[in-house]
There are 4 protein chains.
Amino acid sequence: MAKKTGEKFEAILDAAVKVIAQNGYHNSQVTKIAREARVADGTIYLYFENKDDILVSLFHTRMDEFATKVKQKIDLVDTPEEKLYQLIYMHFKIFALDHNLAIVTQIEIRQSNRRIRNDIGKSLKKYHRLIEELVEFGVQKGKFHDGIDVRLMRQMIFGILDETVSSWVMKDMKYDLLELVDPIYFLIANGIERKS
Amino acid sequence: MAKKTGEKFEAILDAAVKVIAQNGYHNSQVTKIAREARVADGTIYLYFENKDDILVSLFHTRMDEFATKVKQKIDLVDTPEEKLYQLIYMHFKIFALDHNLAIVTQIEIRQSNRRIRNDIGKSLKKYHRLIEELVEFGVQKGKFHDGIDVRLMRQMIFGILDETVSSWVMKDMKYDLLELVDPIYFLIANGIERKS
Amino acid sequence: MAKKTGEKFEAILDAAVKVIAQNGYHNSQVTKIAREARVADGTIYLYFENKDDILVSLFHTRMDEFATKVKQKIDLVDTPEEKLYQLIYMHFKIFALDHNLAIVTQIEIRQSNRRIRNDIGKSLKKYHRLIEELVEFGVQKGKFHDGIDVRLMRQMIFGILDETVSSWVMKDMKYDLLELVDPIYFLIANGIERKS
Amino acid sequence: MAKKTGEKFEAILDAAVKVIAQNGYHNSQVTKIAREARVADGTIYLYFENKDDILVSLFHTRMDEFATKVKQKIDLVDTPEEKLYQLIYMHFKIFALDHNLAIVTQIEIRQSNRRIRNDIGKSLKKYHRLIEELVEFGVQKGKFHDGIDVRLMRQMIFGILDETVSSWVMKDMKYDLLELVDPIYFLIANGIERKS
DNA sequence: CATGAATGAGAATTCATTCAT
DNA sequence: CATGAATGAATTCTCATTCAT
């Protein structure tokens with residue numbers, strides 16, 4: 001019933017990111033989003049089932065684009081190490097370039113209810129899979145440790161990146177996220193222990 | 001004004017964990033918590049400023065206990081490697097023993113508003129500091145890489161553990177979290193790359 | 001402004017009866033009626049002033065036809081008693097043949113607002129008059145009690161028939177309405193008391 | 001959950017009758033009823049499940065009282081004829097004394113949705129049963145025609161009374177309803193036909 | 001004549017908090 | 001200290017109607 005494409009569909013999603021980033025999730029009423037998108041309240045419901053659907057669609061489209069951008073960059077390099085480096089770089093780069101997106105995805109949208117968070121989880125599947133393929137490639141090339149669960153490696157990598165970005169947002173993005181690319185890469189690659 | 005000790009204070013916190021774990025954050029009204037704690041609605045306000053204060057207090061007391069328990073265990077062993085291993089073990093052990101606590105801290109309470117989440121951040125300070133001390137100790141002993149920001153190492157370690165527990169809860173705690181202690185330790189210690 | 005004839009005018013009225021009978025008055029949106037009539041929403045407003053006008057027109061045309069059909073049958077017989085019998089028979093017959101009409105006129109449309117109900121009242125005028133003429137004819141022929149208010153007699157007759165049909169519809173039209181023609185005729189004719 | 005007794009319960013029902021009689025069913029918002037009852041909007045929901053529940057409860061309590069009052073009067077006389085007469089008298093008397101009640105029960109509440117109307121039907125059961133018992137008594141005493149379905153007789157009697165009151169209300173209660181007691185009694189008792 | 005995307009006013013309900021007892 | 005009945009602000013969603021095409 002709800003049309004999931006079109007100029008206004010995009011306008012509403014853009015407005016939602018902006019409004020939520022500025023006002024916080026719990027203070028982002030439908031009316032506010034509609035006004036920002038320059039449409040009537042009722043128009044929202046021509047494009048979305050309900051308010052939750054805005055958030056789910058928002059996260060889904062943005063994370064899909066996110067994964068696509070990262071993949072494009074990764075595909076340009078050949079070695080697993082380079083691919084890993086580019087993954088970290090792009091993950092940070094995208095959020096560094098779009099603070100509103102960072103605020104909304106790392107902080108605000110996580111305040112939504114269980115159902116939304118579940119749907120949101122699904123939107124990350126593509127990105128999760130991307131990381132797993134990277135890991136599998138590295139293991140196959142003999143560059144990454146084998147014998148360890150791929151999903152666990154992915155979880156570790158994602159956990160580090162996600163926590164790093166969240167911390168950065170919580171600290172009001174006062175420092176340059178991209179300066180962390182190198183050290184984070186080093187930690188993920190070499191672990192914490194020093195080999196004598 | 002609100003007295004933050006006493007039998008009923010504890011009863012209310014216990015009730016809150018139970019009610020939130022069972023009903024979800026957004027479906028845990030003050031009345032429900034009061035009923036579970038076997039007190040009147042108004043009594044809640046003799047012990048807490050407002051509803052948010054319940055959540056903040058809840059998180060604070062639980063995370064304080066959490067950090068204390070982990071520290072006790074860490075203090076029993078001597079080497080940085082052993083301490084790191086015990087940290088991972090205890091982090092997982094505590095949540096494995098208290099599923100309600102896991103649900104509430106990893107999932108539900110994160111749906112709360114910005115202010116609560118900020119206060120919650122503070123409650124983690126003690127635990128964060130604990131990890132940082134562990135890292136500093138390892139660096140000082142020459143066992144962990146030096147030259148890398150300690151806070152970043154802590155962030156990485158915490159990010160991995162947090163993401164791992166969250167994933168486990170999201171998967172309905174269907175597998176044994178403790179089986180991940182060894183591989184996670186290995187990944188944190190050695191990183192992802194294989195040294196020839 | 002609104003043209004009250006034409007193929008689409010009829011199609012919309014037919015659609016309205018069907019939609020209201022199926023979905024209930026409060027769940028029969030203009031869009032639903034338009035779709036059933038295979039016209040655009042806006043087209044409705046070329047033929048009707050507003051939504052209420054659909055209902056009023058619907059009731060008016062249907063009740064006009066109703067009165068016409070009954071009159072045709074009544075005119076075929078001569079005595080007041082026979083006319084009364086045919087009135088009852090036709091009243092029940094028409095609804096027995098068109099369940100949707102019965103549902104809409106006896107139940108659903110009565111949920112409409114005061115203004116509509118007022119206009120609806122007017123639509124019954126013709127039928128009320130028909131009954132009154134029948135009564136007057138009977139009194140004049142010396143077959144019906146005189147000295148009693150004609151309007152009251154009409155009200156009584158109509159009240160009985162209306163209540164009987166409404167009860168039948170409420171009972172999901174599970175029994176044969178026409179089996180009630182004889183006993184109802186008897187009651188109207190002879191009253192409740194037995195003369196020794 | 002909702003308390004169905006108490007001072008405020010009654011106050012809200014009284015307010016509802018007044019507000020609905022004055023403003024019409026579709027223009028009687030919860031806020032209006034609350035203000036008339038001198039309680040807060042939220043208080044309504046301590047005593048009623050939802051808005052519909054107000055109407056259902058209203059109709060139920062009023063019709064129960066209605067049946068009770070009628071029964072008390074009927075019980076004072078002995079013959080079926082006298083009982084029938086008292087039934088008609090009381091039915092009209094109660095509405096003649098409480099115009100608001102008449103408006104609400106005869107006109108406004110019938111605009112409510114199917115579910116309410118169904119529950120309302122149940123509330124009339126007691127009164128319907130009262131009439132049926134009267135009819136059965138008359139038949140048994142040999143005063144009323146036997147061989148005719150009791151339910152049908154009840155339906156006829158109720159239909160006449162209901163239609164008469166509705167007509168009176170629709171005509172803005174401009175005439176004296178009680179003047180109709182005698183002729184209506186005569187019609188119900190003797191029917192329309194004159195016996196030579 | 002016909003379309004259907006867009007409009008925006010309007011209302012029921014929830015629930016954290018208070019305060020008289 | 002404890003109670004719990006009462007409060008009332010705040011927000012999503014529906015749907016009759018319009019009007020540019």
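The analysis underlying the following values was restricted to heavy atoms, covering all of them including side chains, and did not include hydrogens, waters or symmetry mates. Computed from a predicted model, the values in this text were never measured in an experiment.
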What is the separation between atom [atom1] on [X] and atom [atom2] on [N], rounded to the nearest whole Å?
X: D:Leu55; N: E:dA12; atom1: CG; atom2: P; answer: 11 Å
X: B:Tyr25; N: E:dC15; atom1: OH; atom2: P; answer: 12 Å
X: C:Phe48; N: F:dT17; atom1: CZ; atom2: P; answer: 13 Å
X: C:Ile33; N: F:dC15; atom1: CD1; atom2: P; answer: 12 Å
X: D:Ile44; N: E:dA11; atom1: CD1; atom2: P; answer: 15 Å
X: C:Phe9; N: E:dC1; atom1: CZ; atom2: P; answer: 14 Å
X: A:Lys51; N: F:dT14; atom1: NZ; atom2: C1'; answer: 17 Å
X: B:Asn50; N: E:dT18; atom1: CG; atom2: P; answer: 9 Å

With both distances under 3.5 angstrom, what nucleotide forms a Watson-Crick or G-U wobble pair with F:dA9?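 Base partner found: E:dT14.
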Both distances under 3.5 Å, Watson-Crick or G-U wobble: report the partner of F:dT3, or none.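 Paired with E:dA20.
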Taking everything shown except D:Lys32 itself, do over 12 heavy atoms lie less than 6.0 Å from its NZ?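 Enclosed: over 12 neighbouring heavy atoms sit under 6.0 Å from NZ of D:Lys32.
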For the residue pair C:Phe95 and C:Phe66, does the interplanar ring angle fall in the parallel (under 30°), tilted (30 to 60°) or perpendicular (over 60°) class?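 Rings of C:Phe95 and C:Phe66: tilted, 30 to 60°.
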Parallel, tilted or perpendicular, as decided by the 30° and 60° cut-offs, for the rings of B:Phe9 and B:Phe48: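 Rings of B:Phe48 and B:Phe9: parallel, as their planes differ by under 30°.
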Reading nucleotides 2-10 of chain E 5' to 3', which nucleotides get B (base under 4.0 Å from a protein heavy atom), which S (sugar-phosphate only), which -? BBB-BBB--
Pair C:Gln106, C:Asp162: side-chain N/O donor-acceptor within cut-off below 3.5 Å: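 Judged by distance alone, the side chains do pair up.
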Regarding A:Asn23 and A:Ser28, do their side chains bring together a donor and an acceptor under 3.5 Å, going by distance alone?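 Per modelled atom types, A:Asn23 and A:Ser28 side chains form no pair under 3.5 Å.
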Would you indicate what D:Val30 reaches in the nucleic acid, counting non-hydrogen atoms under 4.0 angstrom: base, sugar-phosphate, or nothing?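 Since a base atom lies under 4.0 Å of D:Val30, the category is base.
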Identify the residue among B:Lys125, B:Lys126, B:Lys122 that makes a salt bridge (charged side-chain N to carboxylate O under 4.0 Å, His left out) with B:Asp64.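 So the option named by the test is B:Lys126.
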Between B:Lys8 and B:Asp14, is the closest basic N to carboxylate O distance under 4.0 Å?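 B:Lys8 and B:Asp14: not salt-bridged.
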